[in-house]
Visitor: 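Below you'll find the structure I mean.
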Amino acid sequence: MAQHHQKVVLVGDGAVGSSYAFALMQQGIAEELVIVDIMKERTEGDALDLEDAAPWTFNKNVYSGSYDDAKDADLVVITAGAPQKPGETRLDLVDKNLKIIKSIVSPIVESGFNGIFLVAANPVDILTMAVQKFSGFPKNRAFGSGTSLDTARLRMALAKKFNVSPEAVDAYILGEHGDSEFANFDEALIGGRPLKLWAAEAGISDADLDQILYDTAHKAYEIINRKGATFYGIGTSLARITRAIFRDEKMVLPVGAWMEGQYGLNDIYIGTPAVIGANGVEAVIEATLSEEEAAKMAASAKTLKEVAEGGFARLDA
Ligand code: NAD
């Protein structure tokens with residue numbers, strides 16, 4: 001990775017992609033940003049619009065490009081694909097988006113790209129697996145946003161409940177980025193003290209915490225029903241992961257990482273904390289889980305495996 005010059009190719013310039021691009025502009029992440037989408041004119045318009053942010057923030061070369069621009073890129077971020085329509089689950093999107101992913105990954109690999117793939121298009125855990133499978137990249141250099149947005153939503157909800165900053169909350173959503181996800185309430189901390197202790201002192205019951213989890217897992221539907229899509233949260237999550245990679249932060253972030261025995265799981269990408277640095281996923285952190293939570297992780301993985309197997313079989317048929 002060239003020092004002081006880092007290049008991102010963003011594939012998918014819709015609501016999520018353009019929010020990510022805006023976050024990179026605002027936060028001074030990457031010196032070069034290439035935007036690719038089948039809607040070419042939109043990428044040209046977005047590049048012109050985004051570059052107007054540079055004089056007030058950080059200099060950046062932002063332009064509309066093609067897959068060939070990935071040849072010397074450090075990171076390719078994939079946010080292309082059909083989004084959820086009201087009433088649709090993320091898993092409903094699998095067939096449509098697997099085809100799109102296939103058409104994107106091949107030309108990127110053919111360009112000579114040798115960086116890191118970061119995937120956000122849904123169903124993200126399955127599409128991340130598709131990106132790794134189609135690219136043949138090492139698993140640490142092909143990973144997904146996983147439960148990063150969900151974890152942000154959980155931390156925000158807990159922060160409001162306990163009247164602390166969301167940065168002070170050390171809690172995770174694990175599992176599928178979707179309906180079978182769950183929270184590690186039994187181990188979560190706020191300011192080094194168990195969340196369960198905070199809850200007991202504040203008279204917050206397990207049922208109240210379950211309601212927080214339910215609201216977290218369904219927040220996307222609440223947003224989509226009101227404004228048609230969710231994008232600022234995920235755009236910022238992707239920018240946070242990008243910063244951890246480009247600055248080799250070794251930051252612990254929730255992502256969609258490949259399982260090699262952690263949680264008793266194999267051959268699947270799933271939401272977990274991981275150490276993120278210049279080599280992508282540098283270590284998977286197997287969060288300590290209570291028995292009940294471990295059962296939820298297993299169930300979530302089972303859902304993902306079934307959908308992945310069905311999706312890949314239909315794609316190959
Ligand atoms: P959008 O419809 O606004 O944008 C999708 C973009 O993809 C469009 O610009 C479209 O032209 C482009 N596209 C479609 N096919 C393409 C192809 N073959 N090559 C290049 N570009 C192509 O949708 P959105 O709201 O930005 O959502 C994008 C994806 O991100 C969806 O799958 C959505 O479910 C997902 N998403 C993920 C998270 C997360 O936490 N991981 C959160 C929100 C949305």
Side-chain angles (χ1 to χ4, degrees), residues 9-23 34-47 64-70 76-108 117-131 134 143-154 173 175-179 181 216-224 226-242 253-257 269-271 304 311:
V9 171
L10 166 65
V11 184
D13 189 28
V16 172
S18 56
S19 299
Y20 168 65
F22 187 60
V34 189
I35 309 177
V36 182
D37 196 293
I38 43 172
M39 291 170 74
K40 181 70 179 164
E41 273 211 335
R42 187 188 151 82
T43 62
E44 290 166 357
D46 238 1
S64 163
S66 67
Y67 292 125
D68 200 41
D69 288 301
V76 167
V77 177
I78 303 180
T79 64
Q84 279 168 276
K85 297 201 185 83
E88 232 179 0
T89 72
R90 295 178 182 92
L91 296 180
D92 289 334
L93 297 176
V94 71
D95 290 358
K96 269 189 263 185
N97 285 349
L98 269 178
K99 287 198 185 100
I100 293 177
I101 287 289
K102 198 168 191 180
S103 75
I104 291 169
V105 172
S106 306
I108 288 177
F117 277 109
L118 174 60
V119 186
N122 274 319
V124 66
D125 305 294
I126 290 162
L127 296 192
T128 305
M129 193 187 229
V131 167
F134 300 146
F143 68 100
S145 54
T147 44
S148 58
L149 172 60
D150 322 67
T151 296
R153 286 177 175 156
L154 175 71
I173 293 284
E176 173 206 352
H177 166 60
D179 298 340
E181 67 189 26
T216 298
H218 289 78
K219 195 171 184 183
Y221 298 111
E222 294 300 322
I223 299 171
I224 290 168
R226 286 170 173 80
K227 58 178 271 195
T230 87
F231 37 89
Y232 298 131
I234 182 63
T236 312
S237 298
L238 292 169
R240 182 69 192 89
I241 296 169
T242 304
L253 293 171
V255 295
Y269 281 92
I270 204 161
L304 278 175

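Remember, it's 1-based here, ligands and their atoms both numbered in the order they're listed.
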Visitor: So, does Tyr232 sit close enough to ligand 1 that a heavy atom of it is under 4.0 Å from the ligand?
Guide: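 For ligand 1, residue contact (heavy atoms, under 4.0 Å) with Tyr232 is absent.
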Visitor: Considering only heavy atoms, which of Leu238, Asp37, Thr128, Val36 lies nearest to atom 6 (C) of ligand 1?
Guide: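 Among Leu238, Asp37, Thr128, Val36, the closest heavy atom to atom 6 (C) of ligand 1 comes from Asp37.
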Visitor: To which protein heavy atom is atom 5 (C) of ligand 1 closest, and what is the distance rounded to 0.1 Å?
Guide: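 Answer, as residue, atom name and distance: Gly81 O, 3.3 Å.
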Visitor: Would you mind listing which atoms of ligand 1 come within a distance below 4.0 Å of any non-hydrogen atom of Leu149?
Guide: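 Here the atoms of ligand 1 in question are 40 (O), 42 (C).
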Visitor: Report, in ascending order of atom number, the atoms of ligand 1 lying under 4.0 Å from any heavy atom of Ile100.
Guide: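 Close to Ile100: 15 (N), 16 (C), 17 (C), 18 (N).
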Visitor: Should Arg240 and Leu253 count as side-chain neighbours, where that means a heavy-atom distance under 4.5 Å?
Guide: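 Yes, their side chains come closer than 4.5 Å.
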Visitor: Measuring from atom 30 (O) of ligand 1, which candidate in Pro123, Ala121, Gly17 has the nearest non-hydrogen atom?
Guide: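 Answer by nearest heavy atom: Ala121.
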Visitor: So, is Thr230 polar-close to ligand 1, with some N/O to N/O distance under 3.5 Å?
Guide: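 No; the residue has no nitrogen or oxygen that sits under 3.5 Å from a nitrogen or oxygen of the ligand.
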Visitor: Which of these passes side chain to side chain contact (heavy atoms under 4.5 Å, CB included) with Leu10: Asp37, Thr79, Val36?
Guide: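 That would be Thr79.
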Visitor: What part of Tyr67, side chain, backbone, both or neither, has a heavy atom within less than 4.0 angstrom of ligand 1?
Guide: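 Looking at Tyr67 and ligand 1, just side chain atoms fall under 4.0 Å.
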Visitor: Ser64: which residues meet the side chain to side chain donor-acceptor pair (under 3.5 Å) condition with it, sequence neighbours left out?
Guide: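 In terms of side chain to side chain donor-acceptor pair (under 3.5 Å), with neighbours along the sequence ignored, Ser64 is linked to Lys40, Thr43.
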Visitor: Before signing off on this row, confirm whether Ala15 and ligand 1 have an N or O atom pair separated by under 3.5 Å.
Guide: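 Right, the criterion is met.
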Visitor: Checking contacts here: is it the side chain or the backbone of His177 that comes within 4.0 Å of ligand 1, counting heavy atoms only? Could be both or neither.
Guide: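 Just the side chain.
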Visitor: With respect to Val16, determine whether any N or O atom, backbone or side chain, lies less than 3.5 Å from an N or O atom of ligand 1.
Guide: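 Looking only at distances, the answer is yes, because the N/O contact criterion of under 3.5 Å is met.
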Visitor: Taking 4.0 angstrom as the limit and counting only heavy atoms of Gly14, give me the atoms of ligand 1 inside it, by number and element.
Guide: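 What qualifies from ligand 1 is 1 (P), 3 (O), 4 (O), 6 (C), 9 (O), 26 (O).
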Visitor: Just wondering, do Val76 and Tyr67 contact through their side chains at under 4.5 Å, heavy atoms?
Guide: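 Contact flag for Tyr67/Val76 side chains = no.
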Visitor: Regarding Asp125 and His177, is there a side-chain donor-to-acceptor distance under 3.5 Å anywhere?
Guide: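 No - no donor-acceptor pair under 3.5 Å links their side chains.
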Visitor: Would Ala82 count as a contact residue for ligand 1, given that I'm defining contact as a non-hydrogen atom of the residue lying under 4.0 Å from a ligand atom?
Guide: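 Right, Ala82 reaches ligand 1.
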Visitor: Does any non-hydrogen side-chain atom of Glu176 lie less than 4.5 Å from one of Pro123?
Guide: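 No. Closest side-chain heavy atoms not under 4.5 Å.
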Visitor: With a sphere of 6.0 Å drawn around CZ of Phe22, does it hold more than 12 non-hydrogen atoms of other residues, nucleotides or ligands?
Guide: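 Open.
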Visitor: Can you tell me the protein heavy atom closest to atom 33 (C) of ligand 1 and the distance?
Guide: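 The closest heavy atom on the protein side is Asn122 ND2, 3.7 Å.
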Visitor: Number the atoms of ligand 1 from 1 as they appear, then name those within less than 4.0 Å of a heavy atom of Ser103, with their elements.
Guide: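 Going through ligand 1 atom by atom, the ones under 4.0 Å from Ser103 are 18 (N).
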Visitor: Can you tell which part of Asp13 has a heavy atom less than 4.0 Å from ligand 1: side chain, backbone, both or neither?
Guide: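 Looking at Asp13 and ligand 1, just backbone atoms fall under 4.0 Å.
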Visitor: Using a strict cut-off of less than 4.0 Å between a Lys/Arg side-chain nitrogen and an Asp/Glu carboxylate oxygen, indicate whether Asp95 and Lys99 qualify as a salt bridge.
Guide: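 Not counted as a salt bridge, because no side-chain N and carboxylate O are separated by less than 4.0 Å.
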Visitor: Quick test: of every protein heavy atom, which one is nearest to atom 14 (C) of ligand 1, and how far off is it to 0.1 Å?
Guide: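 Sorting protein heavy atoms by distance from atom 14 (C) of ligand 1 puts Ile38 CD1, 3.8 Å first.
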Visitor: Any donor and acceptor pair, going by atom type alone, linking the side chain of Asp150 with main-chain N or O of Thr216 inside 3.5 Å?
Guide: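 Here the side-chain-to-backbone pair does not exist.
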Visitor: Mind checking side chain to side chain donor-acceptor pair (under 3.5 Å) for Thr242 and listing every partner two or more places apart, or none if nothing turns up?
Guide: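 In terms of side chain to side chain donor-acceptor pair (under 3.5 Å), with neighbours along the sequence ignored, Thr242 is linked to Tyr20.
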Visitor: Please tell me if the side chains of Val11 and Ile108 come closer than 4.5 Å, counting only heavy atoms from C-beta onward.
Guide: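 Yes. Closest side-chain heavy atoms under 4.5 Å.
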Visitor: Can you list the ligand 1 atoms lying under 4.0 Å from a non-hydrogen atom of Ser145?
Guide: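 Ligand 1 atoms under the 4.0 Å threshold to Ser145: 41 (N).
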Visitor: Can you check whether Ala120 has an N/O within less than 3.5 Å of an N/O in ligand 1?
Guide: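 There is such a contact, yes.
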Visitor: Under a 4.5 Å cut-off applied to non-hydrogen side-chain atoms, are Ser145 and Ser237 in contact?
Guide: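 No; the side chains remain at least 4.5 Å from each other.
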Visitor: List ligand 1 atoms under 4.0 Å from Ile234, heavy atoms only on the residue side.
Guide: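 Matching atoms, with element in brackets: 38 (C), 39 (C), 40 (O), 41 (N), 42 (C), 43 (C).
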Visitor: Would you mind listing which atoms of ligand 1 come within a distance below 4.0 Å of any non-hydrogen atom of Thr79?
Guide: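 Those atoms are 28 (C), 29 (C).
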Visitor: Let me confirm one number: the CG-CD1 distance from Leu93 to Ile126, rounded to the nearest 0.5 Å.
Guide: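 Nearest 0.5 Å value for the CG-CD1 distance: 10.5 Å.
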Visitor: Numbering the atoms of ligand 1 from 1, which are under 4.0 Å from a heavy atom of Asn97?
Guide: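 Once the distances to Asn97 are compared, the set is 32 (O).
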Visitor: Starting from atom 23 (O) of ligand 1, what is the nearest protein heavy atom, named by residue and atom, and what distance separates them?
Guide: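 Nearest neighbour among protein heavy atoms for atom 23 (O) of ligand 1, to 0.1 Å: Pro83 CG, 3.4 Å.
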Visitor: Side chains of Ile270 and Leu304: closer than 4.5 Å at any heavy-atom pair?
Guide: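 A side-chain contact exists here, since the closest heavy-atom pair is under 4.5 Å.
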